[in-house]
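Both counts, for ligands and for their atoms, begin at 1 and track the order of listing. Position 1 is the first residue of the sequence; numbering continues from there.
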Amino acid sequence: MSAIILAGKIYAEQLKQAAKNKINALIEKTGIHPGLTVIIVGEDPASQIYVRNKHRTCEEMGINSQIVRLPADVSKNELIKNIKMLNENKTVHGILLQLPLPQHLQKYESEILYKIAPHKDVDGFHPVNVGKLSIGEKALVPCTPFGCIKMLELANIPIDGKNAVIIGRSNIVGKPMANLLLAHNATVTICHSHTKNLPYITANADILISAVGKPGFVTADMVKPGATVIDIGINRIAPKKIVGDVDFQNVKEKAGFITPVPGGVGLLTIAMLMHNTADAAYHQLL
Ligand code: GUN
């Protein structure tokens, strides 16, 4: 039997509506709109599109959106100066530094990101937020894994006591995903490029999450019949063709639930950014 396809659009709409309700309640209480500032350095075309989409969604949500555009050759110190100004600005509740940074700044990426005040860090990348998430305290949580957990909840897919396997150990997706699943009482395994006998491990997964960045990496033989397969990969295989990590055509015949790419969990990321901005504003204003 073919898997049920988890369409990101449906869940993204529900999550955006929840964020909007929260924002409306905040505006009613305080008369203040949440503010999100996105900093973009240089002219990376994909980043320009992401930033434009974030700006448009903020406007729909009643969030005051500001974009700070800095030239590709901006110095590390100048970029940090901008972040520090935003940290001090009381009308800005969330700050997001769009990645990737230009080549000359990449080796300073962590140093720069960690200058964002933890309570304004709507990406959830700051070690204070990473640490809070890992010890089960309330934190700003990275948007993509946060969206995946919310989608599982909305789709009534049980997590408690289930075997969850994540392929990929990045700080942005794999590790926070593991901490979120653990907080929901899953038994969690993280696999990566050094993992031995990967198909043996993944074949035990009730929930299988791939964040690898390789088209066709997850094949049907790696999937337990009836499993929930979440594909976080975004791989451009032709100028206008994007695919995930999962061999969708074959895996969908074996899985119970599956997310497509495009049209899957990618759509949840912006919804959770709106949620995090609302959350950050609440904590700063109330
Ligand atoms: N570039 C692509 N995705 C993201 C994201 O989630 N956060 C930031 N800061 N940059 C990105």
Side-chain angles (χ1 to χ4, degrees), residues 8 12 15-16 19 35-58 63 65-70 72 74 76 79-80 82-83 86-87 92-103 105-106 108-130 133 139-151 168 170-177 179-180 209 211-213 230-236 242 244-245 261-262 264-280:
L15 292 169
K16 279 197 288 185
L36 173 67
T37 297
V38 174
I39 306 171
I40 179 165
V41 183
E43 306 290 333
D44 179 69
S47 292
Q48 301 284 341
I49 295 171
Y50 290 139
V51 169
R52 207 178 314 136
N53 287 342
K54 284 169 188 162
H55 182 71
R56 197 181 307 133
T57 311
C58 280
I63 292 175
S65 163
Q66 182 197 6
I67 301 173
V68 173
R69 294 180 187 279
L70 299 174
V74 73
K76 178 182 85 167
L79 176 52
I80 290 174
N82 274 271
I83 291 172
L86 294 167
N87 284 341
V92 174
H93 307 104
I95 304 169
L96 183 146
L97 174 60
Q98 187 67 30
L99 302 175
L101 293 173
Q103 190 70 39
L105 294 174
Q106 283 183 6
Y108 306 116
E109 184 180 290
S110 301
E111 183 189 340
I112 297 166
L113 281 171
Y114 300 168
K115 294 292 190 289
I116 296 175
H119 59 288
K120 296 192 177 187
D121 166 37
V122 285
D123 258 328
F125 294 165
H126 192 284
V128 166
N129 286 314
V130 175
L133 174 62
L140 287 164
V141 175
C143 299
T144 300
F146 199 10
C148 292
I149 282 284
K150 291 282 182 191
M151 182 190 66
S170 71
N171 292 332
I172 296 179
V173 178
K175 287 177 193 160
M177 191 76 249
N179 277 321
L180 285 166
I209 299 178
V212 177
I230 298 180
D231 191 348
I232 306 188
I234 301 175
N235 309 297
R236 190 176 291 278
I242 287 181
D245 291 344
V261 178
V265 298
L267 299 169
L268 306 174
T269 303
I270 285 193
M272 295 323 293
L273 176 63
M274 301 299 117
H275 169 96
N276 281 354
T277 304
D279 222 27

| Between Leu96 and Lys54, is a side chain to side chain contact (heavy atoms under 4.5 Å, CB included) present by the stated rule, with each step listed? | CA-CA 10 Å; Leu96 183 146; Lys54 284 169 188 162; 3.7 Å; yes
| query | Checking side chain to side chain contact (heavy atoms under 4.5 Å, CB included) against Pro145, which of Lys150, Lys175, Met177 comes through? | reply |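 Only match with Pro145 under side chain to side chain contact (heavy atoms under 4.5 Å, CB included): Met177.
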| said: Suppose we screen for salt bridge (Lys or Arg N to Asp or Glu O under 4.0 Å). Which residues come up paired with Glu111, at least two apart in sequence or across chains? | reply: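 Salt bridge (Lys or Arg N to Asp or Glu O under 4.0 Å) check on Glu111 returns Lys76.
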| field | Step-by-step side chain to side chain contact (heavy atoms under 4.5 Å, CB included) determination, Glu43 to Arg69 | value | CA-CA 9 Å; Glu43 306 290 333; Arg69 294 180 187 279; over 6 Å; no
| said: A side-chain contact here means heavy atoms from C-beta on lying under 4.5 Å apart; do Met274 and Ile63 qualify? | reply: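 Heavy-atom side-chain distance check passes, below 4.5 Å.
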| field | Flag if over 12 foreign heavy atoms under 6.0 Å of CG, Leu99 | value |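 Count over threshold, so yes.
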Just the distances, no angles: every ligand 1 N or O to protein N or O pair closer than 3.5 Å, one line each.
residue  : atom   : partner : partner atom : Å
ligand 1 : 1 (N)  : Gln98   : NE2          : 3.1
ligand 1 : 1 (N)  : Leu99   : O            : 2.8
ligand 1 : 7 (N)  : Asp123  : OD1          : 3.1
ligand 1 : 7 (N)  : Asp123  : OD2          : 3.3
ligand 1 : 9 (N)  : Leu97   : O            : 2.8
ligand 1 : 9 (N)  : Asp123  : OD2          : 2.6
ligand 1 : 10 (N) : Leu99   : N            : 3.0

